[in-house]
> 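If you scroll down you'll find the structure; I have some questions about it.
Chain identifiers are assigned alphabetically (A, B, ...) following the order of the sequence lines, protein sequences preceding nucleic acid strands; residue numbering begins at 1 within each chain. When reading the values below, keep in mind they use all heavy atoms of this one structure, side chains included, and skip hydrogens, waters and symmetry mates.
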Amino acid sequence: MEIAKSYNPKEAEENHYRIWETRGCFAPEINENPNAEKYSIVIPPPNVTGSLHMGHALQHTIMDTLTRWKRMQGFRTLFLVGVDHAGISTQLMVTRQLKKDENKTPQDLGREEFVRRVWDWKNKYGDTITNQIRREGLSVDWSRERFTMEESLSIAVREVFVRLYEEGWIYRGTRIVNWCPRDKTVLSDLEVKEDKKKDGKLYFLQYPIKNSDAKITVATTRPETMLGDTAVAVNPNDERYKDLIGATIELPLTNREISIISDEYVESEFGTGAVKITPAHDPNDYEIGERHNLEKLVVMNDDATMNQAAGADFEGLDRYKARELVVERFEQLGLLEKIEDYEVVLPVCERCKTVIEPLLSEQWFCKMDEMRDMALNLMRDENSPRFFPEIPHRKVYTTWLENLKDWTISRQLWWGHQIPAWYDEAGNVFVARTAEEAFEQAGTSDLIQDSDVLDTWFSSALWSFSTLGWNGVVTETEDLKTFHPTDVLVTGRDIIFLWVSRMVMTALKFVGEKPFNDVIIHGTVLDKNGQRMSKTKNNGIDPLDVFEKFGVDATRMTLAGSATGVDFAWRDEKVESFRNFANKIWNATRFCLLNSDGAQVDYSFLNPKAEARDIIQTLKGELSEIDEEDEEFLDKIDPTFAKDNPKENLSLADKWIISRLNKTAFAVNNALETYQFHEAVQLLYHFFWDDFCDWYIELVKDEITSEEPNVRRDAARSRILTIIEQSLRLLHPFMPFLTEELWQKLPGVSSELHNPAYKSAEKTIMLSDYPRGDSSLIDEKAESEMQAVIDLISKVRNIRAEMNIKPSEKIPVFVAADSDAQKIFLENEAQILKLARAERLNLAESLDVPKASAKAVIAGAEIAVPLEGLIDFDKERERLENQLNKLNVEGERLEKQLSNTNFVERAPQEKVQELRERVAEIETQSKTLKQNLGALM
RNA sequence: GCCGACUUAGCUCAGUGGUAGAGCACUCGCUUCACACGCGAGUUGUCACAAGUUCAAAUCUUGUAGUCGGCACCA
């Protein structure tokens, strides 16, 4: 068999995905067991404009690992994929391209044509992200791919809107909103981010009081808004201004008069204690305005230029130009008291970073009270959804819900779900599922539909059930019944509010059940300096580059190997080490394959009885009854070989690796159950590299590479192939491509290794049965005996290295041990000689060696290597003293602990016993070391 | 202002009452018939600081310092 000397990820990545996909391995229908439990995950839909970044790669790896793992366990799995229409982002992107290619604006095209262009764009470029998802190896069901703007999901959106409207939760109203003057749309609070400006200014403006020489000074960061002032407010208890309350101000630069009012909102300590009130351009001022019945004077246009109401001098000026001019005029009038440097935090548009202008505007809002309570009750009564990690997300989620305000759901965009509301000439509103319905309500077809669309997150909120067929018209589908609620949602903490909470609320309201059981909040992938990756900093790392350089599997291992929920700095070195790991797996398998003549994967070589029993158990568990075909299946796996090769024929190394394998399988399953991916990765890494490669392969190498075909050799070859096969299965959810590539090469693999739920599928590791670990194969005795052999070999190697003995030089090894230990060493003599590069092994009750020997102690045995002419006595003394020191430090601490009567009385007895045994062991070993040291003097 | 997280080897990070761990880096030695993306042997720590609880604290509690995050406010 020809196998490359190192792993080439590209080949495997190109080969297998298409096969998996075309054979339908990703779809739940591949599962033939009618009673199989389901497992479902919906992907957080990436933006249709998007391309893959590290955050996606992390999130996707977690979801795919879980899905592949559960699928291998026989669950009917659905990993649902889809993309989001991403209103603002997409509209911006297409607008930009339109400008570039045709020098046109959306307005030039008109709404209908523009939306058509967006669809064209979506059809042309929208598959970038889905192709990248394929590249990552995600086992998503493409036959159920969804898009938030497709018809069925749009029906769902309209249905939900209409129902909420009919129940009075959705309403239209005039409020101060977050306005992006560039995108010319309103934004929800969650779409507004903060930008700290250190060079901000605080302007102190003097307003003259009518019929008086007195002036009142107000401080503001936005002088231009003074053109819309309709009052000045002071605190009612502020002695300085008490007499001025009710006075009239002649507002400079305007010919308006406004009055001084008192309101508790004003903090006397801040600024001058007097606040200019601009109800139409500030949310707090708006509320004060409502309380005092003030006029709401709008002085700005929707592009943040000043309007006619701002006065002829200012009309048409940009807000910042107007600001300069206002300040200039105040200075000319001698009314500019001072300008202070002031650090301001500016609200900016999440998408385009333009400074948000609070603006009075009529919009659609959704009152969240009822749904909020449903979500809070779910958390209170059932601790659902369960957050991983629970701290701090549970509390953050709950607190946010408790303080939830109305949601601004309309957007002044063209790309999105147009609001299903129609107006007649008189301005009466008709909310309906369709235009026809609205016409019917109105008794006329002379209606105009609301030109706004809904917030992108409105449709995302329905994702868990709209993707499974719910659209209000159809409320029960097979998929919905089977896969909803989903099992786990995997996402970043930035969209807990935007998305997670809203999914919970809408699912409870419209489906009557929670959308998911668990929520995994993963960390943020930072750059190597611990900074957030961002386009402006240009410090992003493109996952596709990493795939190219190190392979998809290595990247997945790196991502999965990060602790759940914790941010981590990206390091290429980490991926490199997993690239090396992939190569290690490749080469270990390569070695076994190069020595596989006469052998094949066969579980009867490991433990025939346990395996047969397990399969029967599994079948009984999965199938309602065992029919004739199943009986045949069982007959086929009846291990004839086992009759002549009972388990007792297994060597110590075999029993040891089988035990380690099963322990690892147990622990990996455990780790995955609790979403401790890094733990699972560590376990697999060290089992495979340390236990399997460094020890097992080396221990059985001679037997396996023997030239002469014989039963023993072939059995050993079959065993190692079988252990490899099992290891590949354990690794598959993390490293799908490499494991499939290698698994297909193993002689003896077939669909019979599949989980029983996939009996008739063509052979693939992704449908093989995930090893759960078999407790009857865990052998503590074998593990401790093997440990003694390993310790012995390591000590001899240590002596060789410290004494600079050439690798080519064979040495005799003397070991003093009791008869039980001697027996173990004798049985493994060949391996000890080989791995310690020894010429012979002398076993006895006590040592009888020349003075010129290097010595070491292990639990239950003393080791000596005679080194006439080679020994460096100073170095040997140092070696022994080092060992002795370590033991002494430990011994002293333990002695101290044992001499503490409180400890002996109060600590658990087995703990005390453990310590006593350890102290005894230390004493024995240090006694020996001291004797050896003395002999050197 | 409110809430929270983090601080462990040179670097990046696991561990969460009972002998301090990994990867990388570093030192020494190896063309040992799977792998130099490798093999073997090493070195490296007041587990931020202080007090408390406990027989026992890196781990629990409180406080301090530094770093970072979320929310609110920001005239």
Side-chain angles (χ1 to χ4, degrees), chain A residues 3 5-7 194 200 202-205 218-222 225 232-233 265-267 270-278 282 284-285 342-347 389 391-393 395-396 399-400 403 493-494 496-497 524 528 530 550 554 561-563 565-574 576-595 676 678-679 681-682 685-686 693-694 697-698 701 705 793-794 797-802 804-808 834-835 837 886 889-890 893-894 897 900-908 911-912 914-915 918 922:
Chain A
I3 307 172
K5 221 174 157 184
S6 63
Y7 173 51
E194 287 179 350
L202 190 59
Y203 303 87
F204 290 75
L205 309 179
V218 296
T220 179
T221 53
R222 296 191 297 152
T225 62
V232 166
Y265 163 78
V266 180
E267 286 174 42
F270 193 93
T272 62
V275 188
K276 58 188 278 306
I277 302 298
T278 324
D282 183 282
N284 293 305
D285 292 6
Y342 186 71
E343 188 179 308
V344 287
V345 181
L346 295 174
I391 296 168
H393 299 113
K395 194 173 170 187
V396 169
T399 311
W400 184 78
N403 298 300
R493 55 177 154 275
D494 51 336
I496 294 177
F497 307 146
T524 309
K528 67 178 193 305
F550 301 109
S562 69
V566 179
D567 293 354
F568 68 104
W570 183 264
R571 305 233 129 207
D572 268 4
E573 295 94 308
K574 284 186 205 169
E576 210 177 324
S577 85
F578 284 112
R579 187 267 320 259
N580 297 351
F581 181 55
N583 194 52
K584 190 73 181 175
I585 297 168
W586 177 268
N587 272 292
T589 312
R590 174 172 183 261
F591 169 75
C592 297
L593 288 171
L594 290 173
N595 298 287
Q676 292 178 285
H678 65 280
E679 178 70 15
V681 166
Q682 288 302 310
Y685 185 94
H686 290 292
C693 291
D694 287 351
I697 289 184
E698 297 304 330
K701 200 172 238 179
T705 54
I793 292 167
S794 299
R797 283 171 168 176
N798 175 273
I799 290 171
R800 296 188 64 111
E802 299 271 334
N804 295 317
I805 297 167
K806 287 203 192 95
S808 54
K834 180 180 156 74
L835 299 182
R837 300 188 151 266
K886 276 185 197 159
V889 169
E890 192 190 340
R893 193 186 49 240
L894 297 184
Q897 211 174 330
N900 182 341
T901 49
N902 277 328
F903 170 73
V904 178
E905 278 163 23
R906 298 204 205 177
K911 209 83 231 173
V912 177
E914 215 174 273
L915 243 64
R918 179 67 190 149
I922 289 171

> Do the numbers put A:Lys584 on top of the ring of A:Phe578, so that NZ or CZ is under 6.0 Å from the six-membered ring centre and no more than 45° off the axis?
no
> Main chain of A:Ile3, side chain of A:Arg590: is a donor-acceptor contact present, judged purely on distance under 3.5 Å?
yes
> For the P atoms, the ones on B:rG21 and on B:rG42, what distance do you get once it is rounded to whole angstrom?
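After rounding to an integer number of Å, I get 14 Å for this pair.
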> Over all strands shown, is A:Arg797 touching base, sugar-phosphate only, or nothing at heavy-atom distances under 4.0 angstrom?
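The answer is sugar-phosphate, as A:Arg797 gets under 4.0 Å only of primed atoms, P, OP1 or OP2.
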> Hey, is the side chain of A:Lys5 pairing donor to acceptor with the base of B:rC35 inside 3.5 Å?
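No pair found.
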> Between A:Arg837 (side chain) and A:Ser808 (backbone), is there a donor-acceptor pair under 3.5 Å?
no
> Checking all strands, does A:Lys574 fall into the base, sugar-phosphate, or nothing category for heavy-atom contacts under 4.0 angstrom?
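Answer is sugar-phosphate: A:Lys574 comes under 4.0 Å of backbone atoms only.
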> Would you mind telling me which of B:rA5, B:rA14, B:rU12 lies closest to the side-chain atoms of A:Val566?
B:rA14
> Please state the P separation for the pair B:rA5 and B:rC26 - nearest whole angstrom.
37 Å
> Taking the P atom in each of B:rC60 and B:rG18, what is the distance between them to the nearest angstrom?
11 Å
> Taking the six-membered ring for Trp, are A:Phe581 and A:Tyr685 parallel (under 30°), tilted (30 to 60°) or perpendicular (over 60°)?
tilted
> Do the side chain of A:Gln676 and the base of B:rA14 come within less than 3.5 angstrom through a donor-acceptor pair of N or O atoms?
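Such a pair does not exist between side chain and base.
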> Just to be sure I understand the rule, does A:Leu202 reach a base, reach only the sugar-phosphate, or reach nothing, if contact means heavy atoms closer than 4.0 Å?
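The residue A:Leu202 makes sugar-phosphate contact but no base contact.
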> Distance check, P atoms only: B:rC68 and B:rU8, in whole angstrom units.
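Taking atom P in both B:rC68 and B:rU8, they lie 15 Å apart.
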> For a quick test of reading the model: is some side-chain N or O of A:Tyr265 closer than 4.0 Å to OP1 or OP2 of B:rC74?
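Answer is yes, contact under 4.0 Å.
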> Would you measure the distance from the P atom in B:rA58 across to the matching atom in B:rU43 and give it in whole Å?
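Each nucleotide's P atom is 23 Å from the other's.
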> Report the distance from atom CZ of A:Arg222 to atom CG of A:Leu346, rounding to the nearest 0.5 Å.
9.5 Å
> Could you state the CZ-P distance from A:Arg571 to B:rC13, rounded to the nearest angstrom?
8 Å
> If you find the nucleotide of RNA chain B closest to A:Cys592 and the one closest to A:Lys395, which residue's nucleotide is nearer the 5' end?
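Going by which nucleotide is closer to the 5' end, it is A:Lys395.
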> Suppose you measure atom C1' in B:rG15 against the same atom in B:rG52; what distance do you get, rounded to whole Å?
24 Å
> Between A:Asp567 and A:Arg493, does any side-chain N to carboxylate O distance fall below 4.0 Å?
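Looking at A:Asp567 and A:Arg493, the cut-off is met.
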> Return whichever of A:Arg590 or A:His686 has its heavy-atom-nearest nucleotide of RNA chain B closer to the 5' end.
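Final value for this comparison: A:His686.
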> When rounded to the nearest Å, what value does the distance between C1' atoms of B:rA41 and B:rU46 take?
29 Å
> Scan A:Glu914 against the nucleic acid and name what it touches under 4.0 Å (heavy atoms): base, sugar-phosphate only, or nothing.
nothing
> Can you tell me the distance, in whole Å, between the CZ atom of A:Arg800 and the P atom of B:rA41?
12 Å
> CD of A:Gln682 versus P of B:rA14: gap in Å, rounded?
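From A:Gln682 CD to B:rA14 P: 11 Å.
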> Please classify the nucleic acid contact of A:Arg222 as base, sugar-phosphate, or nothing, using heavy-atom distances under 4.0 Å.
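If one applies the 4.0 Å heavy-atom cut-off, A:Arg222 turns out to touch nothing in the nucleic acid.
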> Do the side-chain N or O atoms of A:Asn284 get closer than 4.0 angstrom to the phosphate oxygens (OP1, OP2) of B:rC74?
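Yes, such a contact exists.
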> Would you say that A:Arg918 contacts A:Leu894 through its side chain, given a criterion of any heavy-atom pair below 4.5 Å between the two side chains?
yes
> Counting a pair only when it is Watson-Crick or G-U and both distances are under 3.5 Å, which runs of at least 3 such pairs involve RNA chain B?
B:1-7 with B:65-71, B:10-13 with B:21-24, B:26-30 with B:38-42, B:48-52 with B:60-64
> Do A:Glu267 and B:rC74 share a donor-acceptor pair, side chain to base, under 3.5 Å?
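Absent.
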> Between B:rG63 and B:rC6, how far is it from one P atom to the other, in whole Å?
16 Å
> Establish, with yes or no, whether the OP1 or OP2 oxygen of B:rU43 is under 4.0 angstrom from a side-chain nitrogen or oxygen of A:Lys886.
yes
> Is the distance from OP1 or OP2 of B:rA34 to the nearest side-chain N or O of A:Lys701 less than 4.0 Å?
yes
> Could you tell me whether the phosphate oxygens of B:rU54, OP1 or OP2, come under 4.0 Å of any side-chain nitrogen or oxygen in A:Asn902?
no
